[in-house]
Number of protein chains: 2
Amino acid sequence: MDNLQSTEIKILDAARQVFHQKGFNGARMQEIADLAGINKALLHYYFRNKESLFEKIFNETFGQIALKLNEIFLSEMTLMTKIEIFVNFYINFISKHSYIIQFVINALQDKPDQLREIILKQNLSPGLLLEQVQKQLKDEMGLDIDPLHLYINILGLVIFPVVAKPLIQSIFAIPDDKMGIFLEQRKKIVPTFIANALKGYEKDKSFI
Amino acid sequence: MDNLQSTEIKILDAARQVFHQKGFNGARMQEIADLAGINKALLHYYFRNKESLFEKIFNETFGQIALKLNEIFLSEMTLMTKIEIFVNFYINFISKHSYIIQFVINALQDKPDQLREIILKQNLSPGLLLEQVQKQLKDEMGLDIDPLHLYINILGLVIFPVVAKPLIQSIFAIPDDKMGIFLEQRKKIVPTFIANALKGYEKDKSFI
DNA sequence: TGTAATTTTGACCGTTTGGTTTAATTATAT
DNA sequence: ATATAATTAAACCAAACGGTCAAAATTACA
């Protein structure tokens with residue numbers, strides 16, 4: 001087959017796919033080996049055990065999510081531009097990799113301590129992320145708003161519909177085809193919704 | 001012990017707790033039996049197998065989530081009052097039962113077909129839910145807004161911070177004690193945010 | 001009280017799972 | 001060429017798992 005890729009990469013590709021879809025408990029080492037087109041013994045030859053392989057995938061995946069947030073929100077653009085770009089990019093990204101967020105959320109719920117250590121090794125800059133948005137809210141819009149709440153509002157509006165897709169379809173009886181259109185619409189609707197909300201604070205500027 | 005409760009109830013209480021926290025794959029029949037204070041054989045005496053016990057818990061849990069939505073949004077109040085009440089109730093509810101939403105989302109992702117049948121047996125009224133909010137948006141605020149997007153915005157703003165709590169704490173380095181305060185603040189912040197956003201549509205009333 | 005039905009138990013079974021071992025084979029590099 | 005590293009197949013292991021069974025304990029009831 002594709003002997004161009006090194007065995008290690010073939011394993012990581014397979015592991016990523018299986019872990020993302022089924023989580024740690026649902027994943028089977030045999031399935032990962034099969035998908036990588038190798039022997040199960042070889043899997044343990046490259047990665048000591050399931051845990052270490054899982055940690056490698058988690059580290060990589062979490063980084064992907066967090067670093068895109070940094071990249072956009074620490075750049076030099078107006079706040080509303082950042083939000084538009086972020087919403088567009090993120091809806092595309094997590095729609096394409098539909099298991100990615102749920103994987104991270106579930107992993108962190110399952111083994112918080114073990115994974116918290118891994119996360120600490122990635123040098124995130126949560127302080128900067130918050131400070132810069134807070135500054136932009138003040139400078140560009142004259143608002144004293146808790147930046148964390150704004151971040152969570154943005155993330156909630158973007159991530160929830162993707163993560164809770166089957167739940168939403170069940171509660172509101174939305175067929176599959178309509179759901180794709182719905183998510184596409186949100187690329188425009190969410191930035192508008194946020195912009196309108198922020199406009200509303202301009203008169204009475206208390207928000208914590 | 002508490003021999004006042006029937007064995008069946010003890011089993012369901014234990015199963016609920018274990019399934020909610022660990023999902024179908026993570027749950028162990030032995031753990032449920034232990035928590036119920038009974039023998040594993042007795043567990044199978046009351047419930048044929050793991051699947052049937054799981055379905056019973058899922059049915060009950062999904063109903064709890066969906067029916068509260070119906071109860072509030074099909075009542076006779078102004079839209080903004082509904083939203084305030086809903087946000088308050090829901091943040092309390094899912095903070096107390098912190099695994100409940102994630103459980104339902106994961107379950108629906110794991111076995112969509114099997115559970116979709118169960119959901120159909122509960123008589124939800126998704127049509128009414130959407131129509132009534134659409135009507136209220138028009139009558140009370142003069143807005144032609146897609147009610148589904150509004151629902152998802154509300155749910156996302158409320159549910160996401162609870163479901164993604166460990167993810168948020170990791171990305172933004174929020175300590176545990178500050179997280180409780182943060183969620184409490186959202187009971188006021190979310191309705192305000194939504195109200196402001198809706199106000200913003202009043203001028204240009206195109207939103208799909 | 002005696003006895004049939006129900007409830008509960010401990011021991012057991014077959015399968016799956018993560019992981020190891022061994023021995024043999026293939027590829028790589030010096 | 002030859003030592004070293006990569007890869008395979010196959011068999012195996014111990015633990016964990018869902019599930020079963022026959023017997024014992026309890027309850028219902030005549």
Side-chain angles (χ1 to χ4, degrees), chain A residues 1-61 103 106-107 109-111 113-115 118, chain B residues 1-60 103 106-107 110-111 113-115 118:
Chain A
M1 310 290 171
D2 44 1
N3 283 334
L4 301 172
Q5 303 173 69
S6 77
T7 302
E8 194 172 333
I9 289 180
K10 284 197 291 184
I11 292 177
L12 288 173
D13 285 345
R16 190 181 308 115
Q17 203 172 316
V18 175
F19 278 132
H20 279 192
Q21 286 189 35
K22 315 202 170 177
F24 183 83
N25 284 326
R28 302 283 161 249
M29 292 299 267
Q30 186 62 60
E31 191 183 350
I32 294 174
D34 290 348
L35 196 64
I38 57 157
N39 194 288
K40 197 177 62 164
L42 192 58
L43 194 56
H44 287 88
Y45 177 78
Y46 275 86
F47 296 90
R48 220 164 317 155
N49 50 36
K50 195 181 181 182
E51 298 260 335
S52 75
L53 183 54
F54 179 80
E55 287 181 5
K56 203 133 196 168
I57 296 297
F58 176 84
N59 187 53
E60 166 203 295
T61 305
F103 164 77
N106 285 333
Q109 201 113 48
D110 273 16
K111 2 189 131 191
D113 304 325
Q114 184 190 154
L115 299 181
I118 296 177
Chain B
M1 311 286 174
D2 43 0
N3 284 334
L4 301 172
Q5 304 174 67
S6 77
T7 303
E8 194 173 333
I9 289 181
K10 285 196 291 185
I11 291 176
L12 288 173
D13 285 346
R16 191 179 307 116
Q17 204 173 314
V18 174
F19 278 131
H20 279 190
Q21 286 189 34
K22 314 201 171 179
F24 183 83
N25 282 327
R28 301 284 162 247
M29 293 299 266
Q30 186 62 61
E31 191 181 353
I32 294 174
D34 290 348
L35 197 63
I38 59 157
N39 194 286
K40 196 178 61 166
L42 192 56
L43 197 56
H44 287 89
Y45 175 79
Y46 276 86
F47 298 90
R48 221 164 314 155
N49 50 36
K50 195 180 180 182
E51 298 260 335
S52 74
L53 183 54
F54 179 80
E55 286 181 4
K56 203 135 198 166
I57 296 298
F58 176 84
N59 187 54
E60 166 203 295
F103 164 76
N106 285 333
D110 273 14
K111 1 189 131 191
D113 304 324
Q114 183 189 154
L115 299 180
I118 296 177

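Order of the sequence lines sets the chain letters (A, B, ...), proteins ahead of strands, with each chain counted from 1. Atoms considered below: every heavy atom in the structure, side chains included; atoms not considered: hydrogens, waters and symmetry mates.
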| request: Measure from the side-chain N and O atoms of B/N49 to the backbone N and O of B/S52, and report whether any donor-acceptor pair falls under 3.5 Å. | output: yes

| task | Pick base, sugar-phosphate or nothing for B/Y46, based on heavy-atom distances below 4.0 Å to the nucleic acid. | result | sugar-phosphate

| request: Please round to 10 degrees the angle between the axis of the first five pairs and the axis of the last five pairs in the helix from C/dT1-D/dA30 to C/dT30-D/dA1. | output: 10°

Name each donor-acceptor pair under 3.5 Å that joins a side chain in residues 37-46 of chain A to protein atoms two or more places apart or in another chain, with its distance.
{"unit_1": "A/N39", "atom_1": "OD1", "unit_2": "A/A41", "atom_2": "N", "d": "2.7"}
{"unit_1": "A/H44", "atom_1": "ND1", "unit_2": "A/K40", "atom_2": "O", "d": "3.2"}

Sequence neighbours excluded, which residues qualify as side chain to side chain donor-acceptor pair (under 3.5 Å) partners of [X]?
X     : answer
B/K22 : B/E31
A/Q30 : A/D34
B/D13 : B/R16

| query | What's the spacing between A/I118 CD1 and A/K56 NZ if we round to 0.5 Å? | reply | 11.0 Å

| request: Compare side-chain N and O positions of A/T7 against OP1 and OP2 of D/dA6 and report whether any pair is under 4.0 Å apart. | output: no

| said: Is the phosphate of D/dA6 approached by A/Y45 (side-chain N or O, under 4.0 Å from OP1 or OP2)? | reply: yes

| said: For a quick check, with a 4.0 angstrom heavy-atom cut-off, what is the B/S/- contact string for nucleotides 10-21 of chain C, read 5' to 3'? | reply: B------SBBBB

Between [N] ([atom2]) and [X] ([atom1]): distance, integer Å:
X     : N      : atom1 : atom2 : value
A/F47 : D/dA6  : CZ    : C1'   : 15 Å
B/E31 : D/dG18 : CD    : P     : 10 Å
B/L43 : D/dG19 : CG    : P     : 9 Å

| message | Suppose we call two aromatic rings close when their centres sit under 6.0 Å apart. Are A/F103 and A/F54 close by that rule? | response | yes

| query | Does some side-chain heavy atom of B/L115 sit less than 4.5 Å from a side-chain heavy atom of B/N59? | reply | no

